[in-house]
Amino acid sequence: MAFHRHIYDREWHFSFGTKEYKVLMDQFHHVSTAFLELGSSYQEAIENVTLSMGAGMAKFICKEVESTDDYDEYCHYVSGLVGLGLSKLFHASIKKDLASDSLSNSMGSFLQKTNIIRDYLEDINEIPKPRMFWPRQI
């Protein structure tokens with residue numbers, strides 16, 4: 001829930017994950033350094049999206065995706081917000097609105113739904129516990 005605050009701290013460290021995720025977290029100081037070199041409008045856009053994503057993803061830590069509404073909500077948090085964030089970054093760079101928040105969210109959510117379909121078999125075979133992002137309703 002507080003992850004969005006750590007992007008401001010070059011000294012923050014959290015060893016977590018495996019493979020490329022572990023490398024990313026072990027080297028997170030590089031992320032913070034790059035982030036702190038950005039202009040304030042870029043930092044604000046990234047922080048806001050990171051805050052929203054953290055809150056939304058935390059909601060699904062102990063909750064399975066049961067319905068298509070859950071599916072839509074989960075995809076919004078993990079990827080729709082990426083679309084919104086990209087639109088905010090583009091807006092900050094050229095000072096012009098490129099797309100509505102709804103269209104940006106739809107683009108990001110569509111990409112996440114594609115990833116969920118692609119990764120379905122890998123996710124359900126995850127050890128020690130399967131990850132289920134496909135709605136049980138379907």
Side-chain angles (χ1 to χ4, degrees):
M1 293 294 292
F3 186 76
H4 67 285
R5 291 189 213 127
H6 298 302
I7 54 180
Y8 290 97
D9 182 1
R10 286 185 175 103
E11 304 302 316
W12 184 75
H13 182 268
F14 184 68
S15 188
F16 177 78
T18 60
K19 302 177 190 171
E20 63 273 6
Y21 300 112
K22 180 166 179 20
V23 172
L24 173 63
M25 296 312 297
D26 286 344
Q27 301 293 316
F28 195 77
H29 62 278
H30 294 300
V31 174
S32 294
T33 298
F35 173 80
L36 292 169
E37 292 174 359
L38 297 172
S40 62
S41 57
Y42 297 102
Q43 289 180 2
E44 183 181 330
I46 293 168
E47 180 184 6
N48 289 340
V49 166
T50 306
L51 169 66
S52 297
M53 286 180 95
M57 291 169 79
K59 182 177 180 177
F60 281 90
I61 286 176
C62 297
K63 176 183 177 181
E64 286 196 14
V65 177
E66 295 285 340
S67 67
T68 54
D69 287 341
D70 290 344
Y71 184 57
D72 288 341
E73 183 180 12
Y74 174 79
C75 289
H76 163 73
Y77 288 129
V78 300
S79 199
L81 288 169
V82 172
L84 289 168
L86 288 172
S87 290
K88 303 282 186 216
L89 291 173
F90 292 145
H91 175 72
S93 70
I94 63 172
K95 307 294 188 235
K96 179 180 177 185
D97 282 328
L98 298 176
S100 69
D101 284 355
S102 175
L103 183 60
S104 299
N105 181 67
S106 292
M107 177 200 59
S109 291
F110 172 76
L111 293 172
Q112 183 61 26
K113 289 174 182 182
T114 302
N115 289 339
I116 288 170
I117 292 167
R118 181 197 64 208
D119 296 338
Y120 180 76
L121 183 61
E122 178 184 334
D123 288 343
I124 65 169
N125 289 324
E126 183 74 19
I127 296 175
K129 183 177 184 245
R131 296 180 301 201
M132 184 57 69
F133 300 109
W134 191 252
R136 289 195 184 279
Q137 180 182 28
I138 293 176

Any side-chain heavy-atom pair of S52 and V49 under 4.5 Å: no
Keeping the roles fixed (side chain from S79, backbone from V82), state whether a donor-acceptor pair exists under 3.5 Å. no
Which value, rounded to the nearest 0.5 Å, describes the distance between D123 atom CG and E126 atom CD? 7.0 Å
M25 atom CE: more than 12 heavy-atom contacts under 6.0 Å: yes
Can you tell me if E47 and Y8 form a side-chain donor-acceptor pair at under 3.5 Å? yes
Between N115 and Q112, is any pair of side-chain heavy atoms under 4.5 Å apart? yes
Between CZ on residue F110 and OG on residue S106, distance to nearest 0.5 Å: 11.0 Å
So the ring-ring contact (aromatic ring centres under 6.0 Å, His included) pairs with at least one residue in residues 37-57 (sequence neighbours excluded) are none
Is the shortest side-chain heavy-atom distance between D26 and H13 below 4.5 Å? yes
When you compare the side chain of C75 with that of I116, does any pair of heavy atoms fall below 4.5 Å? yes
Applying side chain to side chain contact (heavy atoms under 4.5 Å, CB included) to S15 and K22, what does each step give before you reach the verdict? CA-CA 7 Å; S15 188; K22 180 166 179 20; 3.0 Å; yes
Donor-acceptor pair, distance only, cut-off 3.5 Å: does the side chain of T50 make one with the backbone of I46? yes
Atom CD1 in I7, atom CH2 in W12: separation rounded to 0.5 Å? 10.5 Å
Straight-line distance of Q43 CD to L36 CG, nearest 0.5 Å: 6.0 Å
Quick one about Q137 and T68 (side-chain donor to acceptor, distance below 3.5 Å, no hydrogens or angles considered), yes or no? yes
Got a salt bridge between K113 and D72, using NZ or NE/NH1/NH2 to carboxylate O under 4.0 Å? yes
Test side chain to side chain contact (heavy atoms under 4.5 Å, CB included) on F14 and F3 and set out the steps. CA-CA 10 Å; F14 184 68; F3 186 76; over 6 Å; no
Side-chain heavy atoms of N48 within contact of K88, under 4.5 Å: no
Roughly how far apart are S87 OG and F90 CZ, rounded to 0.5 Å? 7.0 Å
Report, as yes or no, whether the 6.0 Å neighbourhood of atom CD on E20 holds more than 12 heavy atoms from other residues, nucleotides or ligands. yes
To the nearest 0.5 angstrom, please state how far the NE2 atom of H4 sits from the CG atom of L51. 4.5 Å
Testing Y77, Y74, Y120 one by one against F133 for a ring-ring contact (aromatic ring centres under 6.0 Å, His included), which residue passes? Y74
Candidate pair V65 and R136, rule side chain to side chain contact (heavy atoms under 4.5 Å, CB included), full reasoning: CA-CA 7 Å; V65 177; R136 289 195 184 279; over 6 Å; no
Between F28 and M1, is there a shared hydrophobic cluster once you connect ILVMFWY residues whose side-chain heavy atoms come closer than 4.5 Å? no
Verdict with supporting geometry, I124 and W134, side chain to side chain contact (heavy atoms under 4.5 Å, CB included): CA-CA 10 Å; I124 65 169; W134 191 252; over 6 Å; no
Please check if any side-chain donor atom of E73 sits under 3.5 Å from a side-chain acceptor atom of H76, or the reverse. no
Do F16 and Y21 have ring centres separated by under 6.0 Å? no
